[in-house]
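What follows is a set of notes on a single structure, which appears directly below.
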Amino acid sequence: MISSGAPGMATERYNAVDREKHWQKTWTERDVFRAGDDYSKPKCYVLEMFPYPSGRIHMGHVRNYAMGDVLARYKRAKGFNVLHPMGWDAFGMPAENAAMENKTHPGTWTYANIEAMKTQLKSMGLSLDWNREFATCNVDYYQHQQKLFLDMYAKGLAYRKSSKVNWDPVDHTVLANEQVIDGRGWRSGALVEQRELTQWFFKITEYADDLLEALQGLEDWPSKVRTMQANWIGRSEGMLINWPLEGAKLPDEQQSLEIFTTRHDTIFGASFMAISPEHPLATHLARSSEDLTAFITECQRIGTSLEAVEKAEKKGFDTGLVAVHPFDPEWKVPVYVANFVLMGYGTGAVFGSAAHDQRDLDFAQKYGLKILPVVIPEDQDSTTFDVGREAYIGPGKLGNSRFLDGMAVKDAMEDVARRLEKAGQGKRQVNYRLRDWGLSRQRYWGCPIPMIHCDDCGVVPVPAAELPVKLPEDVTFDKPGNPLDRHDSWLKVDCPSCGKAARRETDTMDTFVDSSWYFARFSASDSAEPTDLEAAAYWMPVDQYIGGIEHAILHLLYSRFFARAMIETGHLPQGTKEPFKALFTQGMVIHETYKSSDGRWLLPVEVDIKEAGEQRVATELANGQPVTIGPIEKMSKSRKNLVDPDDIITGYGADCARWFMLSDSPPERDVIWTESGVAGASRFIQRIWRLVHEIIDQGAAQSAAKPAIFSDGALELRRSVHKALHQVGQNIEGLRFNVAVAQLYEAANAVQSALAAYDKKPTDDMAWALREAGEIMVQLIGPMMPHLAEECWLLLGYHSILAEQPWPDAEAALLVDDIVTIAVQVNGKRRDELTIARSASNDDVQAAALQLEPVVKALAGKAPKKVIVVPQRIVNVVA
RNA sequence: GCGGACGUGGUGGAAUCGGUAGACACAAGGGACUUAAAAUCCCUCGAUCCUAGAUCGUGCGGGUUCGAGUCCCGCCGUCCGCACCA
């Protein structure tokens, strides 16, 4: 019986909220989680993606940080020097929007939010080294970013060029593609214009091949993310081919058309040339053709929405020009302006291989152009093969292709490439979908780009000694546009080169720049330089990075680029080009949605749910009206299916929130937040608390000597606990927190059963096993529920800090059973099981199995055809 | 359209190497304790056959194997990513 301890004494409930504060204070006072600077110790760098300081943490943060914290605490207990820092991704638009609404400075709003969120994070009891905290909006951080920029500029990794951008004419700013919705600005709703602007770029394409190839070495990244990055980089090998043009007066530089293709093997199947409506040749021709101008305008109007692109018919405009085939001066094909050719890829011009590309086939059929198959499938004949309505993109032999006839596709490509290169009409080319990274933003709340524009000297870098270029404080947001553009005293500056009056660059950096190297800064957050090479060499790479899948491409690719650029500029040591050794992308927190009878979304706390048998009936607390329970979705402000971490932490405690976040769902999948699940977690906390009290009553004293011999019951308990110890460790290392949680439940069940088996005081060996079990159990829950674990550790009589204790070692002898249970199958169906000594020989096992009644019955006196014995697992008798 | 992941009880999920499917938890039902409730404890809980025992059972259909949730082939469904990339 569980409460057979001190007479009539029911253990008081564990007051999580009160004790959690106490332990957080203790950890802080003792600076328990400060990363050590003994570089001879093995290190472990655990990092969760740092948050944007919106002002409040949400459940997604709780899940993310709970996972990282388990790993960090576990690794610390395993003897690693752990770096587990936290900071703030603090630049960006929301602060400016808030500034406009509240008439405050973006910094005021941001720093207030940071304070509020920091308090919340601290209430989670995370094992963070707050000594290394920084915010990217602080000049102590961004001045180093400016230094990185200057060094990258010096190496040609940052440059200026003119490019097309999405321009919001109301907000006076450039918008990212994802901020344009159906051709309109996401905030202003204004029709977005395409503008040609001179912007700053990082030369990420310089590393395209390396970024692609090195993905193969990232074995501890989800393959999904690696695939996404590979697709994003989009390497394709092909050729640039020049086609001389005829048929109109053309400018000297446009006497031929250069196209990019990956199917130069099909060059004898060419039936037309197609250029983008934005191609310079199209622009040139449009000057003398109203019809073409009208066509180009129409193409631009089709817009960028997915739907429009999907439905858009292939359309073209015959320019009247012809292009001359590189292998036959007599062969001429028409040149079209076509709506499906993208200016941003290759050269903005293609040749139409009608039989072997679906788009080209659609186009050729629409305009009645020649469709000549030149790659012939094995079972077809080149004179009769007809592709019909589906382009043939499979393997085959070349046909209808003169000197290429009979070749395989690969050989034909090689032959064409060699001949064209020799003739100077083409060259091999590797093309990438990846573009250089445009980092200019017409925004105030970002890192100033440390450049100066001088009428005489052009673009001049701010001398490193004059850094930082600080953001001016006295700005207003009452007018649209960038306040830096109208801040004269900041703007006007002498040219560092010639001393004449010049202007500062007023664009600031994309906030993705801030997050592309913060992990490196954490390795020496107080360094006078951007990084400290010795510290970086020790701490980098991040051993485990944890965050959302939404950053699978941009943030992670930019960071990989920055690591390379920082090596190039001497800010990171060689060998650290991959900043994140292991990556884990956690799932979202999802919740039911609730809608009131009159169609308003309701917060979970505004709804009362009654369980009536299988039925769940919801009513609105405020007025008793019925509420419709909707589908389970990602927590979002718009659906109001939000649970505030503060409510949970002040109600149930941080340990409870952490435990629930780690249980049940595998960490990479979505987890459903339910009230009953939290209540279950809370019950378990109280159960641990009671069990530890029971153990103090029933178990051995802290100083009791280990008995030489254990009875069966005690041995069984020790086996379960040591197995749990072994497996929980393995599962934490593998980030299988839900499985680790299940094993802890099992361990607790084993302890509880052992306790329940005694009415009176247990025997000495059992008493000792109970205390051992209690101590191990408490140490195992430590990484997940650190406050409860400290409290129980204290109860067990220790005056040390559990967070500083080493992880216990499992006794190897207890991990293997002497007696094993083996399933016995007949013809693959389980008929019985056999309990036998682990050391029993296969023959003994077989003999024992054949004597089992169900086996004898099934064999009906006949000899078995075959008996398969898998040691310690299974016996299969084939009848 | 292309690429990828996934599909197991009422629910979340476990089964790490092809070897006893459903661990653990949630929900539900029954019981004990209690004046009562809360809390706690005990029992049941994939389906079918009244029961014992058996049969079926990991989206569907095939296959490999002594043995398949796991491997192979073909479907169906769900989710995610990319999307006129030449």
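Residue numbers start from 1 in every chain, and the chains themselves are labelled A, B, ... in the order their sequence lines are given, proteins ahead of strands.
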Any side-chain N or O of Arg683(A) under 4.0 Å from OP1/OP2 of C26(B)?
yes
Can you name the atoms? Protein N/O to nucleotides 20-23 of chain B N/O, anything below 3.5 Å, with the distance.
unit_1	atom_1	unit_2	atom_2	d
U20(B)	O2	Arg830(A)	NE	3.0
U20(B)	O2	Glu833(A)	OE1	3.1
U20(B)	N3	Glu833(A)	OE1	3.2
U20(B)	O4	Thr821(A)	O	3.4
A23(B)	O2'	Glu746(A)	OE2	3.1

Give the dot-bracket string for RNA chain B, reading 5' to 3', where a pair is Watson-Crick or G-U wobble with both distances under 3.5 Å, ( ) marks pairs inside the strand, [ ] marks pairs crossing earlier ones, | marks a partner on another strand, and . marks unpaired.
(((((((..(((......[....))).(((((.......))))).((((...))))..(((((..]....))))))))))))....
Contacts to RNA chain B from residues 661-670 of chain A, heavy-atom cutoff under 4.0 Å, which residues?
Asp664(A), Ser665(A), Pro666(A), Arg669(A)
Can you list everything that forms a side-chain contact (heavy atoms from CB on, under 4.5 Å) with Asp220(A)? Sequence neighbours excluded, please.
Lys581(A), Ala582(A)
Kindly state each residue pair satisfying salt bridge (charged side-chain N to carboxylate O under 4.0 Å, His left out) with at least one member in residues 720-747 of chain A, sequence neighbours excluded.
Lys75(A)-Glu733(A), Lys723(A)-Asp817(A)
Phosphate OP1/OP2 of C66(B) contacted by Lys829(A) side-chain N/O (<4.0 Å):
no
Using O4'-C1'-N9-C4 for purines and O4'-C1'-N1-C2 for pyrimidines, with syn meaning within 90° of 0, is G9(B) syn or anti?
syn
If you take atom types as modelled and just measure distance, does the side chain of Lys865(A) reach the base of C66(B) with a donor-acceptor pair under 3.5 Å?
no
Any side-chain donor-acceptor pair under 3.5 Å between Gln358(A) and Asp362(A)?
yes
Might you confirm whether atom CZ of Arg435(A) has over 12 heavy atoms from other residues, nucleotides or ligands at distances under 6.0 Å?
yes
Determine whether a donor-acceptor pair (N or O, by modelled atom type, separation under 3.5 Å) exists between the side chain of Gln686(A) and the backbone of Tyr14(A).
yes
For a quick check under 3.5 Å, do Thr205(A) and Asp436(A) share a side-chain donor-acceptor pair by atom type?
yes
Only pairs at least two apart or in different chains count here, so list each salt bridge (charged side-chain N to carboxylate O under 4.0 Å, His left out) that has a residue in residues 257-275 of chain A.
Arg263(A)-Asp265(A)
Would you say Arg13(A) reaches A38(B)'s phosphate, i.e. side-chain N/O to OP1/OP2 under 4.0 Å?
no
